[in-house]
Structures are given as C-alpha cells and as structure tokens.
Amino acid sequence: MLETLTYIESHGTDPYRNLALEEFLLFGCKEKECILYLWQNEKTVVIGKNQNAWKECRTEQLERDGGHLARRLSGGGAVYHDLGNLNFTFLVSGEYYDVKRQLSVIAGALEHLGLHIEASGRNDLLIDGKKFSGNAFYRHGEHCYHHGTIMLDVDKEKLGSYLTVSREKLKSKGVDSVRSRVANLRTYLPDLTIDDLKYALRQAFGEVYGLPVQERKLDDREKKEIESRAEYFRSWEWLYGRKIPFQHEITRKFPWGEVTIRFQVENGKIKDAAVYSDALKTGMIEALPNYLNGVRFSSRSICIELGLYWSEDPEEEKMLKDLIEWMKEEEW
Ligand SMILES: Nc1ncnc2c1ncn2[C@@H]1O[C@H](COP(=O)(O)OC(=O)CCCC[C@@H]2CCSS2)[C@@H](O)[C@H]1O
C-alpha cells in the first residue's frame, strides 16, 4: 500500500530548472510514495526525447521572441507552453504506477470545477472533443513518471506558429489545422484561474488515493543540486545533439508514431544512423542506430538484420515488425 502522498509546486518558470526538478523528484521518490508535482514554463516548446529540434520547432523564431526550446526525458511529440498552461507530473515507483488512476485525479479535479473530460487516443485528454492535455511517460528501472499539460489559456496563435507539425501528422489526426483541434479550458469556464486548477488537483489527489497530502518545499542544498542538473537540460548537446552528415533519409508514419531515419553511408555500409521519432515507447527507437551500424546499405540487408532482434514488450515487438515491413516495401 502507498503510504505517502507528496505535493510540490515549482515557483520558477525556467523550463530547464523545472525539468531538472522533475528528474530530481523521480530519483528521490520513495518506494511507497506518490508525488504530484505542478509546474509552469514561460514561452517554451518542449520536444520529446527522440525528436529532431529543427524539424519540430521554428527554433530561430522562438528564440528571437525570447522563448526557449527544451527536451524532456519522455517520448512523444512537441508541445507549446506559456503561463496559460499548467503541467502535472505523477512520480511513483513501478509497483504503484497506474496511468488510469493518475488520470482519474485530473478528471476528478476538473469534474469538481464543473468540467467533463474524456481520454482519447494514445495520450490525449479531450474536452468537447478537443485536446486540452497531452501526456507522456518515462521509466528508469523502478522509477516512473507520467506527466501532462493542461491548457487553461494558452496563446494558440503562438502555439501554431512555433510548432511545425508534419503534414502526415495532421492527415493522420484528420484535421486541417493545429489551432482548431486544441482547446483552452477558459473557453468553457471563463473565470477559471491557475490557482483554482492547482487547488482542485491537490484536493482530487488526496481523494483518489485516500491519504492525507503533505506539501514539500525544497531546501537550499536541494536547490543547488537541481541547478547543476538544469545545466544539462540547458546544454546544446541535450537540446540539439549531434548533426550527422547524411546521404539518405526516409520517413514513415505508423499508428504508434512517425519515424525518420538518416543514413550516413561509407563504402556501401551504414557508418552511422540517426533515428528521430515521436513514438511514446523510446527503447526501440534508441536501439535502432546500433542495430543498423555496419549493415550493408540496402533495404533487404536491413530487413534481414532487423529480423534477428526481438523484444519481450509486445508494443516494441509490434514496432519492430512494422519497421521490417517498411523495409520490405523500400527498394534501395
Ligand atoms: N500545451 C499543450 N497542451 C496540449 N496539446 C498541445 C499543447 N501544445 C501543443 N499541443 C498539441 O499537441 C500536438 C502534439 O501532440 P503529441 O501527441 O505528438 O505530443 C504530446 O501531446 C506530448 C505531450 C508531452 C507532455 C509533457 C508534459 C510536461 S513537459 S511536455 C501539437 O501538435 C499540438 O496540436
């Protein structure tokens, strides 16, 4: 049984510090503890762990306007944050990790405020059929988190202008514009504030788990530790990573996400490969470059090579099968 519910708010809006605090809480979370962490970022595009920053975001425009680009540890796609957006993170050990239960805290809080929501697709929460929350997931050993956004009053104009959503993605979601399919909760409750939301979430957290909620504040030593980790989240290497010179690029959209592979070929063999994806499952995507390294540069050889691998995780096994089918269709 869980023994402790901890509630913590970030009082700063620097995305790198906030992501560092999230990671700090992840590794400090006790076995029988569940933490609810609420935070806000000023004008930031947050991309998924395996995405290509240049492809997902108009980085120059964002930086010129004083915004930030950030990369999180979880997989999934790119989202836009400003102070009209509230982020939540549930941090808990694998044993008590339960996405449905965690989502019922969000649904319960909004129900208390008079809003009815529903879950849809792989990671969205909807109001009136429109997305107001995107969710993503991360696991490191027994340390897990589930985080998401809540759009209260986000500048949709800016959201649409900083995010460069691929035509494939728009097509797959059956819509013609990003702006039209996201919604702010303020549209439905004009007086709703971020503080109301925070209060409702904290109350619902205690109700759903049936335990008292203890608020945590950070001491100076902890703040220092978080600051040094923030440097990593702020670094060019983490945000943009390496840029490989490539000769061939392929992209395909699957039900579980879009994949782009860039190949660097030398003497007919794959010398390096960079794989980008918004898939929520990150393991297979991150393993791919290693699988491809040294293989002869032909779709048939890749097909045979990938056939040598398997995964015990059924979702990853499905990803692998889809990638093999894709290679069968390619002809080079
Ligand atoms: N703030 C926000 N909230 C909800 N939906 C958004 C937001 N910004 C953009 N979008 C829409 O979601 C799609 C991307 O959807 P997609 O499903 O690709 O990705 C996600 O949802 C990722 C959620 C990550 C949540 C983390 C929680 C803390 S740090 S970020 C984008 O093209 C827009 O149409």
Side-chain angles (χ1 to χ4, degrees), residues 10 13-23 25-26 36-51 55-58 62 67-91 99 102-103 106 117 119-127 130-138 145-186 233 253-259 276-282:
S10 165
T13 56
D14 176 302
Y16 312 108
R17 225 173 272 147
N18 284 337
L19 286 163
L21 171 53
E22 186 178 54
E23 192 190 40
L25 293 171
L26 176 76
L36 172 62
Y37 164 48
L38 300 184
W39 47 298
Q40 289 188 280
N41 293 331
E42 62 192 12
K43 202 186 264 196
T44 304
V45 169
V46 185
I47 57 173
K49 183 162 182 215
N50 297 312
Q51 289 192 295
K55 190 173 161 234
E56 304 304 324
C57 170
R58 294 202 175 82
L62 177 68
H68 314 278
L69 172 80
R71 185 191 292 277
R72 55 183 195 266
L73 295 172
S74 62
V79 288
Y80 174 68
H81 297 172
D82 61 17
L83 297 182
N85 179 83
L86 178 68
N87 298 306
F88 62 83
T89 310
F90 291 95
L91 304 110
V99 174
Q102 289 140 211
L103 286 179
I106 310 300
I117 64 157
S120 129
R122 37 175 206 156
N123 63 324
D124 296 344
L125 295 179
L126 311 180
I127 183 154
K130 296 184 203 104
K131 175 173 179 173
F132 72 94
S133 168
N135 291 241
F137 318 94
Y138 180 67
Y145 75 56
H146 157 200
H147 59 189
T149 59
I150 300 179
M151 290 177 59
L152 175 80
D153 189 19
V154 173
D155 187 332
K156 289 204 247 169
E157 224 26 74
K158 295 222 164 70
L159 180 153
S161 73
Y162 296 134
L163 295 178
T164 44
V165 181
S166 76
R167 230 186 299 133
E168 278 281 317
K169 187 161 190 158
L170 287 177
K171 250 198 293 175
S172 77
K173 302 222 177 188
V175 283
D176 49 17
S177 124
V178 182
R179 258 170 272 164
S180 66
R181 67 176 194 94
V182 290
N184 279 311
L185 296 183
R186 269 255 170 93
F233 281 101
K253 173 98 198 157
F254 298 101
W256 42 265
E258 192 174 272
V259 183
Y276 302 104
S277 178
D278 62 356
L280 286 165
K281 282 259 170 191
T282 55

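From a predicted model like this one, the values you see are computed outputs, not experimental measurements. For ligands, and for the atoms within them, numbers begin at 1 and follow the listed sequence.
Here's the thing with H147: none of its N/O atoms is less than 3.5 angstrom from an N/O atom of ligand 1. Between N85 and ligand 1, at least one N/O pair is under 3.5 Å apart. Of the N or O atoms in V79, none lie within a sub-3.5 Å distance of an N or O in ligand 1. Polar contact with ligand 1: present for K131 (N/O pair, distance under 3.5 Å).
Using cut-offs of 30° and 60° for the angle between ring planes, the F137 and H146 rings count as tilted.
Remark: ligand 1 atoms within the under-4.0 Å shell around heavy atoms of H81 are 29 (S), 30 (S). Per-residue contacts place R181 under 4.0 angstrom from the following atoms of ligand 1 (heavy atoms of the residue considered): 13 (C), 34 (O). Atoms of ligand 1 lying under 4.0 Å from any heavy atom of N123, numbered from 1 in the order shown and given with element: 17 (O), 20 (C), 21 (O).
In terms of the ring-ring contact (aromatic ring centres under 6.0 Å, His included) criterion, residue partners of H147 (sequence neighbours excluded) are, by chain and number, Y145.
Under 4.0 Å from ligand 1, the heavy atoms of L159 that appear belong solely to its side chain. At a heavy-atom distance under 4.0 Å, no atom of T89 approaches ligand 1.
Taking each heavy atom of N41 and P15 in turn, the nearest pair found is OD1-CA, 3.2 Å. In this structure, R72 and V79 approach most closely via the heavy-atom pair NH1-CG2, 4.4 Å. Taking all atoms of both residues into account, the shortest heavy-atom contact from A183 to K130 is CB-CB, 3.7 Å. Contact record, D82 with D153: OD1-O, 4.3 Å, taken as the closest heavy-atom pair.
The side-chain heavy atoms of V45 and L163, taken from C-beta on, include a pair separated by under 4.5 Å.
In this structure, A78 is part of the shell of residues with a heavy atom less than 4.0 angstrom from ligand 1. At least one heavy atom of W39 sits under 4.0 Å from some atom of ligand 1.
The closest heavy-atom contact to atom 4 (C) of ligand 1, among the options T149, V46, V154, comes from T149.
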Handout entry: Derivation of the side-chain hydrogen bond (donor to acceptor under 3.5 Å, both in side chains) call for N135 and S133
Key = CA-CA 7 Å; N135 291 241; S133 168; 3.1 Å; yes
